[in-house]
Each structure stands twice: as structure tokens, then as C-alpha cells.
Amino acid sequence: MHPSSRAALASRTSLAAFALLASGAARALPATAPALPAYAPVTDGRLAAAAGDDGWLMYRHDYGSTGYSKLDQITLANVAGLKQVWDYKSDFDQGHEAPPMVNGDYMFVTTPKDEVHAFQASTGKPLWTYKHDLSSAGLKTVCCDVVNRGVALYGNNVYLATLDNYVVALNAADGKTVWKRQIMPPDLGGAMTLAPLVVKGRVIVGISGGEYGLRGSVRAFDAATGNPLWVTYTIPGPKEMGGRTWPKGDAYKTGGGGTWLTGTYDADTDTLFWGVGNPAPWLATLRPGDNLWSDSVIAMNPETGKIKWGYQYTPHDTWDYDGTNETVATDINYNGTEHKALVTASRNGWFYAIDRETGKLIYAQRFASATSVTGPDSTGKMQTNPALRPAVGREVFTCPSFLGGKNWWPIAVDPQTHYAYVPTMHTCMTIKGVPPVPYKPGLAFLDEGFNVMRDPAHPHEWGSVQAIDLNTGKQAWRFGSALPWNDGMLATAGGLVFSGSADGHLYAFDARTGAVKWKSPEMTSGIIGVPATWKVGNKQYLGIWAGWGGATPIWGGDMAKDPAVANLPTGGHFYVFSL
Amino acid sequence: MRGAFGGQGRRPPWGTLGPGALSPRFKGVGWAEVLLLALAAPAWGVPPALFTADQAASGANKYAASCKLCHGKKLEGRTGPALTGPNFASAKAHFTVKDVFVFMATAMPAPQPGSLPKDDYADIMAFLLQQNGYPAGPARLTAAAAQAADVPLLYQGAPSQTAAR
């Protein structure tokens, strides 16, 4: 164990913040918190059955990445009675994006800069804290805030992927380091912000770095030992499948294709799905070809990492439309035919249903203003508008902006309504090529300049929440927002959809109609933390970070400069609610 | 490109180690101090004076207006990286003044890259150099000079001036 990577007892609770809540009444922790039972190992069987577990065992709740919980104690009828149970203030004022992972009465939640905090889930009693040592990392190739999106649980361990490219296994009971392994040095392009995924005893991670010319990869490690098992590069070499979609020479070695969000696993076909980010450099004229597997989802064998197939959302991208957004495994009926589908709301503004066995497109429908990418041809291959491609000396205005119709904020898919709930951004951009600068490790590799602007179709809204009917790809309801809506979705069997707003309120929507059934008291910051729910004993809980940050305030152009956005309060504050 | 190399008209490394090779700021320093400097700082010598003190002060104001939000009041880093210290200007990074200047002038400030006047970028570069322990001198850093400066960027220790206001 590194001397300064230490596990220590968390030393403080945070009660003062209660007073800031409009609902007023401050509560102390129960004088006699129920005793904490022994930690129950997270087995392969429990992960496979996570959809029915009382906890929140992985990033998107279950292997299908549904973001849907079967818990139904909190309902349309009683949601207005939700009250705060406990809270915790972090030491950071950057973006807090992680959902809490909950196993039994144990909760593990991360902060910016790779701290893991363990709590008793029902009471907030601090158990331990792990502070990853970043003292020798410059964080120079972390594009979009020093965030972390949570841990993975397996056996008796908690797994963390760090900004300096370590995969760390911690003992869930005491936070002590079991093993750690560094994929590559920091500051040369790579950084990790995602929650790992564990499949069949393999800890699987991806890496960020598309803005720095890093060749992306998905990697698997033995959960028990940390031994590396396989590496799959997302940008093929010249002799690999897709290799001819790159120019001859070394362009593929700096071709981007980050893998910075958690994948999805389908047990029926034993397939691991992973989203792949933008090609590098951003300016496409420098790399003729479709540039596979940038802006794609790839389907892999989880035991070997071998790519079975891929589907590309944006061929030859020049707008930074990463294909990293989560894919959800769900079954749909499109035009009278049943499909085992994979659905995703892509950065490029299109909502996709893809056959998860074959990779063939079922449908693609716009869910946001989308002019750069014009739609599929008769073979299902997406087409782009050549007139909206920037070049050196040529600036274009196109939609959506590179921040996307949706960014990393995950959707939820509800089997009761058969809707997908999609946090949506309404921006367009000007974008132009700038004189290219040769690749250098550790520096940005963009060769484009840009400005995020309002979407003319939504002159008063930076964001919205919308429900999309999975059988048609068409909008079912919509809730507009003057502020950007940069938060993930949680759907529950109580007929509710939860998501946090930049305005500092956690919203509960009627899953069928979009009517707002409850708004939390105002939290101390805007919300980008993914909501999660779990049950301990007979009680259902909801937990979420407030803590504004992420890419929007950094790269958001006119949106970032809008005083309503620029003046949003910051600071991490975790809240737990129950009836 | 006089400004680029502190008027020494020479590509780095900046001459042999010794009092005679030092920039004006270090005149009168003896061999013992040079040896100490050589031990404390990287082995390649003493950095040239690339900017003026006034320019760095002006750069500090421009930094506060356009950079501080992400990089921190004291360049300590916040949502963006720290812009001073051994992890920023490290030997491992192999950054030159040109690298960082061109990056900054094309990709920063992130919300609206390349949107500042070229001279403002030069002033901010002067401030960054100062905050990484580079000495001020008699000549201003021009944008053209910064864009061509192959001078290694390596943290020299704490600056003598105060940080951003």
C-alpha cells in the first residue's frame, strides 16, 4: 500500500446543512443506530440478479444499465411525503457525479479527486474513507473536471478507477487497499473517471483521453489479484477489423476513441457492450475515412475482449460527438416486430435502437436538434452533412453542440411505461478548423475552435427532460428547463422518475405524464449526481449528490457565460431521503 | 526572436553553468549559489528572462478574468489543472514555452477558445512563467516570440512575486 493512500475513519458528520433546507426541521442521527450486519459478498449470481436486489450494486443498477429499480414503497401517492434522513458535505467544490453504490446497509460513494466514502446506508454513520494519492499527478489531461462516477462492487471488495489511471481494490469492510495497478502514467493523455463494471470476476474499465489523442481501450483485470487479463483497443491497427477506415500510417495510434463511461452486459448473448468516444484530432480533414470505432458502440466477448461487431453513430466525426453514452438492453416492438434491442441517446442528437445480437440498426430518431448527422441510409449507416463540416478557415453553425443532445448523464428505461427518460441539452455551436499543431503527448489534440450557443429551436431553455416511447423512438412527454439539465435518471416501480436539476432541486416526475409530483427542498448546489434508490429493512431510501460542475461550466460557451449558469453555487453535498 | 531567448541569442541549454552565463537578475551570485541552484533546479542551467515584471502583473489580471475559474486563484488547479509546480512543468512532460503558449492561444479559455487578443495570451504566458519561477527581464514577451520559443518549461521553484489577485 502506498504510504499516503490510506484508509482512515471518517471523522466528521455534517448536520449544519440541514438548516439550509427550506423544510426546516433539523434531525440528528438516531441515538442508537441499528447495528451493522456483516458485509454480504457480491457474487456473480447477485450481480446477474441485480435488477431484483434491494441494493444498488452497480453504476446503472443492473447489467442492462436500466437505471430502473423495482422498489415501490415510494409511489405517486406518497412521494410528496419524502423527508431528508441524513446528509454529508464533501471537501470539494468541483463536480459530484457519482451515484452511491449500496449493498445491504453499506454505501460507497465517491467525490471529485478519487475519494471513496463508506457509510451505513440507512443512517449516514461514517465507516471509512479512502483518499487516493494524486500528489504526483498534474491532472493535465483531464478534460472535463476532476470527477469520478463511482465504484464497482464484487466479492468483499470495492473497485475504483482513478484520474492517474490506477484501478484500486479496497476491502469493503475497512477501506484498506487490497491491490492496485496503474494502466499508464498520468498526464500523457489518459485519465479514468468511470465506475468500473465487474463481469465474471473481471474488473472492466475504460479510459478518457480523446481530447489528447490517446488511443482508447477497454481493459479487464482479475478481480481477486489485479492481474491484467485483456486489452482491446477501440481504434484498430492497420490489419485489424476496421483498420482500413483510417489513413495509412500512424494516425490510428493517436486516433482517440475514449471509453470513459461504464458499459453494459447481456448474459443471454454473453456480450459486453462499450461506448467509444470521439476520434482525434477533432478536425476530421486530418484523418480521412470513417475512423472506426470512434463514436460507436462495440460488442465484445467479456472473456477475451474480442470485438464481435460495432455500430457507428457518427462516421468520420468532426464535431466531438462521442459514442460513449450508455446503452440500455431492452426488448422493443417496432412496426410489429419484436427485437432484442440496445437503446441509446447519442451525443449527436439521435436516439437509436440497435439489435443487440447482430448490431443492425432498428431505428434512429432525432431527440434534439441535429443537423450535422442527417440520418441512416437504407443499410442503416448514418450519413452526415458535408456542408456542416468545418475546415481550416471555414466556420459552420450546426447542432447539437459538441456537448451533445445528451452528454454522460445516463437515461433510465422503465419496463412499466416502456419509455426511456432522457436528460436533454439544447445547444448548437459555431465550429471551425484552426491551423493544425502536431501531436504531442500531454497536450490537447483538437485543431478546432468553437463556441456553444443557444439552439434556435429552444431560445429560452438550455435543457429538458423527455420521455421517449421505446417502440417508436418518438417523444411521449417533455419537461423544459431554463437551466441546463445535466443529471442522470432514476425510474422506479412506484411510477416515478427522479432526476436532479441545476436549480438544486431533486424532481419526482409521474413516469407516464411527466407531471411534477414532488420537488425536494433546495439543496446547497446544482445537481449532477446520479440518483439511486435502495431498501434497508422495510424502508426505501433515495440518495443523491448535489455539487455543480462537470463539462458544462468549463466548455459551455454562451451557456457557461449565462449568468444564471455561471452563478450556480458549488460544493459537494450528499442527501438521503425516505418517507 | 530575441525575446524568445532572453536576449542571449542562443538555443537552450543556456550556456555553461557559471556566474557569467546568468541573466541580469542573478548577477553577483557566486559559484556556491550557482551550485545550489543547479542542485535545486533542473540540471540544464538557469532560465532566461523572457518577460518584464510589468507584463507579468498585467498577465495576472488577465488570468484572474479568464482563467481563474477553472485553474484556481493561485494557479493551484480546480476543475482544470494546476498551472504551476512540479507536476505542471515537469521534466517528464517535455513542455516548451511554445507548446504551452500555442495550446493556450488556440484551446483556451475553454468556453471560447482563441477568443482573447494575442497580446493578452502573451501577458498571461508571462504570468505563468513568473509563477513557475522564471525571472523577469528588460524585454516584453511578444506573441510571435512565445509562439516560436523552444525554451523548456520546467518549474524553477516558488516565484518571487505574489500570486494572482
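Worth knowing before you read on, the calculation uses all heavy atoms, side chains too, and leaves out hydrogens, waters and symmetry mates. To find a chain, count down the sequence lines: A is the first, B the second, and so on, and within it residues start at 1.
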- Message: Which atoms of A/A566 are under 4.5 Å from chain B, going by heavy atoms: the side chain, the backbone, both sets, or neither?
- Response: neither
- Salt bridge between B/K92 and A/D187, side-chain N to carboxylate O under 4.0 Å? no
- d(B/F95 CZ, A/K440 NZ) to nearest 0.5 Å is 7.5 Å
- Query: Where on A/V437 is there a heavy atom nearer than 4.5 Å to chain B: the side chain, the backbone, both, or neither?
  - Reply: side chain
- Can you say whether B/M104 sits under 4.5 Å from chain A via the side chain, the backbone, both, or neither, judging by heavy atoms? neither
- Item | Engaged part of A/D447 at the chain B interface, taking heavy atoms whose separation is under 4.5 Å | neither
- Message: Is B/F88 close to chain A through its backbone or its side chain, or both, or neither, when contacts mean heavy atoms under 4.5 Å?
- Response: both
- Item | Shortest non-hydrogen contact between A/L139 and B/P81, atoms and distance | O-CB, 3.4 Å
- Message: Let's test your reading of the structure: which of A/A444, A/P186, A/G550 forms the most heavy-atom pairs below 4.5 Å with chain B?
- Response: A/A444
- Taking the side chain as every heavy atom from C-beta outward, state whether A/W555 and B/P111 have any atom pair closer than 4.5 Å. no
- Query: Which of the residues A/T141, A/N451, A/I554, A/V434 is involved in the greatest number of heavy-atom pairs with chain B at under 4.5 angstrom?
  - Reply: A/I554
- Check each atom of A/K140 against the heavy atoms of chain B and say whether the ones under 4.5 Å are side chain, backbone, both or neither. both
- Looking only at heavy atoms, the pair that brings A/K561 and B/Q112 closest together is NZ-OE1, 2.7 Å
- Check: A/D93 main-chain N/O paired with B/R78 side-chain donor or acceptor under 3.5 Å: yes
- Check each atom of B/A82 against the heavy atoms of chain A and say whether the ones under 4.5 Å are side chain, backbone, both or neither. backbone
- Task: Please tell me if the side chains of B/D99 and A/L443 come closer than 4.5 Å, counting only heavy atoms from C-beta onward.
- Result: yes
